[in-house]
**Q** 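Take this structure first; my questions come after.
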Amino acid sequence: MVDTMREGWTELDGWTETEQAIAKEAFERAYGRAVERLVATVRDRTAALNSAESVWQLHDYLSIERHTMEGRFDFRLDGILFVFASLVKDELLTIKELTGLDAEKLAKIGAMSRF
């Protein structure tokens, strides 16, 4: 999906080229971490499979996770600060990894990540 994300990236108006590079790198890093978490969870859940019902529950879980990740990892200007705040809140990114963004953007991301 990272390759598709790259194709779907849009230029961020009002963001410098450096800020966009930092944002894209952080976005990709968070995506990788989210995938690692998902894989670990799926491994745990598959170890507990013992019935058709547990298989369908795993299927439902994966469907929800796919929908969530595809919606969350959409690199567009609309809501990008909210996305970064969400990623920080969920410990998929740190504010430090966004160093180089405008101080106002970092402050907004930090404030929103606390809610």
Side-chain angles (χ1 to χ4, degrees):
M1 180 165 185
V2 173
D3 288 335
T4 354
M5 283 191 324
R6 281 191 191 121
E7 292 170 10
W9 278 339
T10 60
E11 294 298 311
L12 300 173
D13 290 334
W15 290 54
T16 66
E17 285 185 31
T18 300
E19 286 181 312
Q20 289 187 54
I22 291 165
K24 288 175 184 178
E25 182 179 324
F27 200 73
E28 195 168 308
R29 185 178 301 124
Y31 178 77
R33 289 175 183 156
V35 169
E36 287 173 8
R37 269 191 201 171
L38 177 62
V39 168
T41 300
V42 169
R43 282 190 179 127
D44 290 345
R45 287 183 174 221
T46 56
L49 292 176
N50 59 11
S51 66
E53 182 60 29
S54 62
V55 171
W56 306 143
Q57 288 173 351
L58 178 60
H59 171 271
D60 293 344
Y61 170 77
L62 288 170
S63 294
I64 291 167
E65 286 300 306
R66 181 177 183 171
H67 177 76
T68 300
M69 286 184 68
E70 286 176 351
R72 179 182 233 184
F73 290 97
D74 185 8
F75 193 85
R76 298 179 203 200
L77 180 58
D78 294 344
I80 192 70
L81 296 181
F82 290 106
V83 171
F84 281 134
S86 170
L87 295 172
V88 169
K89 183 177 182 173
D90 291 345
E91 298 179 349
L92 292 169
L93 272 182
T94 65
I95 291 289
K96 187 176 181 177
E97 291 173 309
L98 296 168
T99 299
L101 296 184
D102 176 76
E104 186 177 329
K105 290 176 181 116
L106 285 174
K108 287 179 182 179
I109 293 167
M112 289 185 291
S113 71
R114 290 191 277 285
F115 294 101

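Heavy-atom basis, side chains included; hydrogens, waters and symmetry copies ignored. Quick caveat: nothing in here was measured; it's all calculated off a predicted structure.
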**Q** Whether R33 and E28 form a salt bridge (side-chain N of Lys/Arg under 4.0 Å from carboxylate O of Asp/Glu) is what I want to check.
**A**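 Looking at R33 together with E28, the answer is no, because their closest N to O distance does not fall below 4.0 Å.
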
**Q** Can you tell if the side chain of K105 reaches within under 4.5 Å of the side chain of W15, non-hydrogen atoms only?
**A**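 Yes, side chains in contact.
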
**Q** Is there any salt bridge (Lys or Arg N to Asp or Glu O under 4.0 Å) pair reaching into residues 41-57, and which pairs are they, with sequence neighbours excluded?
**A** none

**Q** List for me each residue that meets salt bridge (Lys or Arg N to Asp or Glu O under 4.0 Å) alongside E91, sequence neighbours excluded, and say none if there are none.
**A**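 Here no residue qualifies.
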
**Q** Inspect the surroundings of CZ in R37 and state if more than 12 heavy atoms from other residues, nucleotides or ligands are less than 6.0 Å away.
**A** yes

**Q** Hey, any chance Y31 and V39 share a hydrophobic cluster, counting ILVMFWY side chains that come within less than 4.5 Å of each other, even indirectly?
**A** yes

**Q** Which residues satisfy the side chain to side chain contact (heavy atoms under 4.5 Å, CB included) test with E104, sequence neighbours excluded?
**A**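 With sequence neighbours excluded, E104 shows a side chain to side chain contact (heavy atoms under 4.5 Å, CB included) to D102, K108, given in chain and number order.
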
**Q** With sequence neighbours left out, what residues match I22 under side chain to side chain contact (heavy atoms under 4.5 Å, CB included)?
**A**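 Checked I22 against side chain to side chain contact (heavy atoms under 4.5 Å, CB included); matches are T18, L101.
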
**Q** Is L49 reachable from W56 through a run of I, L, V, M, F, W or Y residues, each pair having side-chain heavy atoms under 4.5 Å apart?
**A** yes

**Q** For T68, what residues pass the side chain to side chain contact (heavy atoms under 4.5 Å, CB included) criterion, not counting sequence neighbours?
**A** I64

**Q** For atom OH of Y61, decide whether the heavy atoms of other residues, nucleotides or ligands shown that lie under 6.0 angstrom number more than 12.
**A** yes

**Q** Only counting residues at least two apart or in another chain, list the ones meeting side chain to side chain contact (heavy atoms under 4.5 Å, CB included) with V83.
**A**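 Per chain and number, V83 pairs via side chain to side chain contact (heavy atoms under 4.5 Å, CB included) with F27, L87.
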
**Q** Using side-chain heavy atoms (C-beta onward) and a distance below 4.5 Å, is S51 in contact with V55?
**A** no

